[in-house]
Amino acid sequence: MTDTSANATTTEAADPYHQLCAYTLAHPSPIFLHQYVVDAHCIQHATTNTKGIAMSFALVSLYLAVEKNISGKQIQRFHMQMARTRKPWPRFAPPANSAAITATDVMAAAPGPDRDRMILTWAAAVWNSCTPQVQQEVRQLTHAELGIVS
């Protein structure tokens with residue numbers, strides 16, 4: 001009998017996204033880069049079956065990071081504020097074309113300032129892979145939920 005749990009753990013550890021998560025969770029920066037990683041990954045791998053809450057929170061995060069230069073730490077606070085509202089969150093169309101940058105590309109950058117910049121570049125690439133219509137709908141949602149003007 002084969003122990004598949006050990007294989008799953010080994011596969012996850014070798015996965016660039018999980019390696020990047022480990023890197024950002026251990027990162028000492030107060031801006032909390034991990035938030036950008038989770039949200040870029042969510043949108044880059046979104047499908048029509050992705051839950052509305054996941055898409056809404058991740059897209060708001062990317063918008064705030066890319067267009068408003070808001071830290072991952074502050075985005076976490078905004079997510080908590082949004083979570084207080086119990087409602088159905090809108091489903092957005094996932095990007096038709098995936099961003100050219102992936103977690104693999106980010107992990108290929110040298111740890112430290114190069115990789116940290118690459119995380120932000122990845123977040124911007126994923127945000128920019130969304131249609132202008134989706135971006136505008138996210139700006140409107142962010143204004144309605146958080147009072148942030150585009």
Side-chain angles (χ1 to χ4, degrees), residues 8-9 11-107 109 111-150:
T9 304
T11 302
E12 277 186 12
D15 177 84
Y17 169 68
H18 289 96
Q19 291 174 346
L20 188 54
C21 284
Y23 171 81
T24 56
L25 284 170
H27 201 292
S29 172
I31 68 169
F32 195 57
L33 291 166
H34 183 67
Q35 189 67 54
Y36 307 142
V37 169
V38 170
D39 295 322
H41 184 267
C42 174
I43 298 305
Q44 191 164 49
H45 295 278
T47 68
T48 55
N49 294 324
T50 302
K51 292 182 179 185
I53 191 169
M55 295 266 321
S56 293
F57 280 48
L59 285 167
V60 165
S61 177
L62 292 176
Y63 161 62
L64 293 173
V66 174
E67 293 193 14
K68 298 296 185 181
N69 198 32
I70 293 179
S71 75
K73 194 61 146 174
Q74 182 61 43
I75 289 169
Q76 275 190 315
R77 290 187 197 107
F78 286 138
H79 282 179
M80 288 187 281
Q81 183 179 336
M82 291 169 64
R84 288 187 202 112
T85 305
R86 301 261 185 226
K87 68 177 196 173
W89 292 94
R91 284 185 179 254
F92 293 95
N97 299 309
S98 186
I101 299 170
T102 67
T104 301
D105 300 312
V106 176
M107 283 304 295
D114 289 344
R115 185 173 293 164
D116 299 352
R117 276 190 297 277
M118 192 65 160
I119 290 168
L120 299 173
T121 301
W122 180 35
V126 172
W127 172 247
N128 290 326
S129 72
C130 297
T131 66
Q133 178 183 346
V134 166
Q135 289 179 349
Q136 188 55 36
E137 290 171 6
V138 171
R139 289 181 193 103
Q140 291 168 349
L141 175 67
T142 305
H143 177 68
E145 293 298 321
L146 303 172
I148 296 174
V149 180
S150 56

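- Every residue two or more places apart in sequence or in another chain that forms a side chain to side chain donor-acceptor pair (under 3.5 Å) with Thr102 is listed here: Asp105.
- Under the rule for a salt bridge (charged side-chain N to carboxylate O under 4.0 Å, His left out), the partners of Arg117 that lie at least two apart in sequence or sit in another chain are Asp114.
- By the 4.5 Å heavy-atom criterion applied to side chains, Val106 and Pro16 are not counted as neighbours.
- In terms of the ring-ring contact (aromatic ring centres under 6.0 Å, His included) criterion, residue partners of Phe57 (sequence neighbours excluded) are, by chain and number, His79, Trp89.
- Between Leu141 and Pro90, some side-chain heavy-atom pair lies under the 4.5 Å cut-off.
- The shortest heavy-atom contact between Lys73 and Pro30 is CB-O, 3.6 Å.
- Contact of the Ile119 side chain with the Leu20 side chain is registered, since non-hydrogen atoms from C-beta on lie closer than 4.5 Å.
- Trp127 places a side-chain heavy atom less than 4.5 Å from the side chain of Val138.
- Taking CZ of Arg139 as the reference point, atom NZ of Lys68 lies at 9.0 Å (rounded to 0.5 Å).
- Checking side-chain atoms of Tyr36 against main-chain N and O of Ser61 turns up no donor-acceptor pair under 3.5 Å.
- Distance check, rounded to the nearest 0.5 Å: OG1 of Thr131 to CG of Asn97 gives 11.0 Å.
- Between the side chain of Ser56 and the backbone N or O of Ile53 there is no donor-acceptor pair closer than 3.5 Å.
- Side-chain atoms of Gln76 and Gln35, non-hydrogen and from C-beta on, do get closer than 4.5 Å to each other.
- In this structure, the separation between OG1 on Thr48 and CZ on Phe92 is 15.5 Å, given to the nearest 0.5 Å.
- Annotation: the span from His34 atom NE2 to Leu25 atom CG amounts to 4.0 Å, rounded to 0.5 Å.
- Between Ser129 and Ala99, the shortest heavy-atom contact is CB-N, 4.1 Å.
- Below 30°, between 30° and 60°, or above 60°: for His41 and His45 the angle between ring planes is between 30° and 60°, a tilted geometry.
- Interatomic distance, Glu67 CD to Ile148 CD1, rounded to the nearest 0.5 Å: 11.5 Å.
- Within the 3.5 Å criterion, the main-chain N or O of Leu146 finds no donor-acceptor partner in the side chain of Gln81.
- Checked options Gln136, Glu137, Gln135; the residue passing with Gln133 is Glu137 (criterion: side chain to side chain donor-acceptor pair (under 3.5 Å)).
- You'll find the side chain of Leu64 stays beyond 4.5 Å of the side chain of Gln74, heavy atoms only.
- Side-chain contact between Arg115 and Leu33 is absent, with no heavy atoms from C-beta onward closer than 4.5 Å.
- In this structure, the separation between CD on Gln19 and OH on Tyr17 is 13.0 Å, given to the nearest 0.5 Å.
- In this structure the side chain of Val60 never reaches within 4.5 angstrom of the side chain of Phe78, judged on heavy atoms.
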Give the C-alpha distance, both sets of side-chain angles, the deciding distance and a yes or no for side chain to side chain donor-acceptor pair (under 3.5 Å) between Asp39 and Tyr63.
CA-CA 10 Å; Asp39 295 322; Tyr63 161 62; over 6 Å; no

